[in-house]
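Notes follow the structure.
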Amino acid sequence: MAERTLGWIQNPSSFENLKNVVSVFDKNSDIYKEILNTKLPKLVKDLDLQNKLISELEKDPLEMDYVLLKGHGIKSGQKRADAECSGIVQAAITTQGGRAYTDDWTADGFLRWGISIGLLDYDTEKDTVSITKLGEKFVKSNSEDPDKEILISAFLSYPPAVRILTLLENGDHLTKFELGKQLGGLGEAGFTSIPQDLYIQAIELAADKDKASIRSNTEGSADKYARMISGWLSKVGLVQRVTKEVSTKIGNIEYKINIGHSFRITLLGIKELKRARGLSSYPKTDKIVYWQMLATKGKDRDYIRNRRGHIIKAINNRERNLENIKSYLLENDIKENITTIEDELKVIEAIGLSLKHSRNGYVIDDNIIKLEIPRTKISKTNVLELKDKVRNKLKYVDHRYLALIDLAYDGTANRDFEIQTIDLLINELKFKGVRLGESRKPDGIISYDINGVIIDNKSYSTGYNLPINQADEMIRYIEENQTRDEKINSNKWWESFDEKVKDFNYLFVSSFFKGNFKNNLKHIANRTGVNGGAINVENLLYFAEELKSGRLSYVDSFTMYDNDEIYVGSFTDYSNVKIAAEEESHYSI
DNA sequence: TCGGATGAACGATAGAGTAG
DNA sequence: GCTACTCTATCGTTCATCCG
């Protein structure tokens, strides 16, 4: 079975191009003829491939191979911009720069789009795509209003679009960040969302020349999904794009910026949403839920897809309580605790399914089509084990922050790890703070009353040994903060500390610590006279839990920096902290 | 900004190498 | 010479920001 991801679409937005792509599956369309007779012979240099693509297009019925539709990427060493046309769908789209074909990723996006909203149909076994009745109708329609009508019903069969409409339903005016945060995997890998107030802070603290690029370059995947879906919905009149003024406080000053990617529902949107739910005389709209849309990224992708898929099956049009869902999962070789199931239900809701909760349990009352769960048994990795273990211990901290575990172990996610760590400390907890994180600035700082902490984040899949150059960098920051001399560092990052902060500590945060890090912690303290510590992501979350539950006071929390690794030992029901630390290699996959 | 475009991470896979 | 396994180079998939 081919590895595919469906349901989440990054690039496509133009209805015209969407129609071109669906038209590829209609032998009578002009696009079909042009691709077959002109574009492929001209654009595909590799003659073997050209013949393959042409004979694929001449098949009857027209059920085409996903790989040949999408095409492939580049040979190693090549630039993407130099890639030749290698797929049928690539040839269906003329690019922004005026090139006669697009790249494999955008082609993949258009295929995903057509499949996800039911204009195209995907066969998981054969890895092929064909056109649906609705797709045929879309290709044949040749004016704007019927197009819109078809697309509205297509979008209403796409759960993430229903999710966006539902979030806006009560009249809220939401930005792409506010929507993205509540869409899909809720912050997990593949669904990153930028915390809005950190975005505002970043723009406000940046030099004028940098503001525009921060605006255009700071966008998580989920934020982007929200922007694209809202964009489609606004083109068919279900939502309206209205600039929103948002604000946040840094210190005692309130900063305001405008975010253009903000949306409201329209009257038509409310009406169509009701119709999709079957609340009028219309029948309920079927929901297209491919197994391939239940998770998108990471080693545990297939395991999570199965877990979510079985939970959906368990309660689709049948009410079950948590215990019964748990046993249903067990029958399908998935052993999970209640907390995990509760969190998964939130994700299922955030994907856009209609989850109802009553005294007797949970039910999804959508008519779900296309959901087929493969029978192969998959076990979870140690990172997911850790995540689910910590999940079970967090009663106060929002489980969204479990994403920190993914990020800490994902060596490529350093920036997001910094952002989400500061987000946890200032938005979920009561610290004041800022994420700094540019060159010659610490990753972030936090404070509470007179106490301040300089924070350094490092995401590493195999653990962090705090090398001496990183320790020296921390020493430099501590000394810069002590002398506060503009001549030494002109960016004056220390001014982001509240004025009353007098006592300072430092902190390293990573997946887990190993090697010589303890000596380097002591080295930092000896050199600067400032005490600090290192905390692994697991204990960071327990630390947050202790603070949020009130079992640990903010003032007392500053006594924990004693130039060693910080364990949250007082944690109830957690007697094996030390053991877990000694077994750290256990999580170092 | 809109509507994609890009470089890169990382898993999958095929072919080369090798122990037995 | 052959099988079964490992090791490596390349390929394919999918972001997570980037950008004309």
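Keep in mind it's a predicted model, so treat the numbers as computed, not measured. The sequence lines fix the lettering, A, B, ..., with proteins before strands; numbering per chain opens at 1.
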- Task: Side chain of A:D108 only, please: which of B:dA5, C:dC15, C:dT14 is the nearest?
- Result: C:dT14
- Task: Using only side-chain N and O atoms of A:R112, determine if any of them is under 4.0 Å from OP1 or OP2 of C:dC15.
- Result: yes
- Report the distance from atom CD1 of A:I419 to atom C1' of C:dA16, rounded to the nearest whole Å. 11 Å
- Side chains of A:T243 and A:N258, donor plus acceptor under 3.5 Å: no
- Message: On the nucleotide B:dG4, are OP1 or OP2 found under 4.0 Å from the side-chain N or O atoms that A:N17 carries?
- Response: yes
- Here the gap from A:L174 atom CG to A:K181 atom NZ, rounded to the nearest 0.5 Å, amounts to 10.5 Å
- Message: Between A:S13 and B:dC2, is there a contact of a side-chain N or O with OP1 or OP2 at under 4.0 Å?
- Response: no
- How would you label the contact of A:A189 with the nucleic acid (heavy atoms, under 4.0 Å): base, sugar-phosphate, or nothing? nothing
- When we call it a touch if two heavy atoms are under 4.0 Å apart, what does A:S213 touch: a base, just sugar-phosphate, or nothing? nothing
- Message: Between A:E418 and A:K441, does any NZ, NE, NH1 or NH2 come within less than 4.0 Å of an OD or OE carboxylate oxygen?
- Response: no
- Message: Both A:Q10 and A:R241 contact DNA chain B. Which one's nearest nucleotide lies toward the 5' end?
- Response: A:R241
- Message: Without decimals, in angstroms, what is the distance between A:D223 CG and C:dC15 P?
- Response: 14 Å
- Message: Can you tell me if A:K70 touches the phosphate of C:dT13, counting only side-chain N or O atoms and a distance under 4.0 Å to OP1 or OP2?
- Response: yes
- Using heavy atoms to find the nearest nucleotide of DNA chain C for A:N217 and A:T5 separately, return the residue whose nucleotide is more 5′. A:T5
- Query: Which pairs pass salt bridge (Lys or Arg N to Asp or Glu O under 4.0 Å) with one or both residues in residues 217-230 of chain A, sequence neighbours excluded?
  - Reply: A:K176-A:E219, A:E219-A:R227
- Query: Is there a donor in the side chain of A:E372 and an acceptor in the side chain of A:T124, or the other way round, less than 3.5 Å apart?
  - Reply: no
- Rounded to the nearest Å, what distance is computed from the CZ atom of residue A:F15 to the P atom of nucleotide B:dC2? 14 Å
- Message: From the set B:dT6, C:dG12, B:dA5, return the single nucleotide nearest to any side-chain atom of A:A81.
- Response: B:dT6
- Message: Can you say whether a donor on the side chain of A:R301 sits under 3.5 Å from an acceptor on the base of B:dG11, or the other way round?
- Response: no
- Just how far, in rounded Å, is P of C:dT14 from CG of A:D416? 20 Å
- Query: Which is true for A:G190 with a 4.0 Å heavy-atom rule: it touches a base, it touches only sugar-phosphate, or it touches nothing?
  - Reply: sugar-phosphate
- Quick one: A:E3 CD to B:dA12 P, roughly how many Å, whole number? 7 Å
- Task: Round to a whole Å and report the spacing from CG of A:D82 to C1' of B:dA5.
- Result: 13 Å
- Message: Looking at the base of C:dA16, is there any donor atom on it, or on the side chain of A:E219, that sits under 3.5 Å from an acceptor on the other one?
- Response: no
- Item | Side-chain ion pair, A:K19 and A:E16, N-O less than 4.0 Å | no
- Item | Gap between atoms CD1 and P, on A:I214 and C:dC19 respectively (whole Å) | 13 Å
- Starting at the 5' end of DNA chain B and moving along, which residue's nearest nucleotide shows up first, A:K79 or A:G298? A:K79
- Output yes when at least one side-chain N/O atom of A:K297 is less than 4.0 Å from OP1 or OP2 of B:dG11, else no. no
- Roughly how bent is the helix from B:dC2-C:dG20 to B:dG20-C:dC2 end to end, in steps of 10 degrees, with each end axis from five pairs? 20°
- Note on the structure: In whole angstroms, the gap separating P of C:dA16 from CH2 of A:W105 amounts to 9 Å
- Item | A:K244 with A:E178: basic N within carboxylate O range, under 4.0 Å | yes
- Task: Choose from C:dA16, B:dG7, B:dG4 the nucleotide whose nearest atom is closest to any side-chain atom of A:M228.
- Result: B:dG4
- Query: Counting any heavy atom closer than 4.0 Å, what does A:T218 reach on the DNA or RNA strands: base, sugar-phosphate only, or nothing?
  - Reply: nothing
- Salt-bridged, A:D343 to A:K387, with N to O below 4.0 Å? no
- Query: Phosphate oxygens OP1/OP2 of B:dC2: is one of them under 4.0 Å from a side-chain N or O of A:H261?
  - Reply: yes
- Item | OP1 or OP2 of C:dT14 under 4.0 Å from side-chain N/O of A:T296 | no
- Message: Test: salt bridge (Lys or Arg N to Asp or Glu O under 4.0 Å). Region: residues 103-122 of chain A. Which pairs qualify, not counting sequence neighbours?
- Response: A:R80-A:D103, A:R80-A:D104, A:D108-A:R112, A:D121-A:K370
- Return yes if the base of B:dA5 and the side-chain atoms of A:N11 contain a donor-acceptor N/O pair under 3.5 Å, otherwise no. yes
- Does the side chain of A:K299 get closer than 4.0 angstrom to OP1 or OP2 of B:dA9 through an N or O atom? no
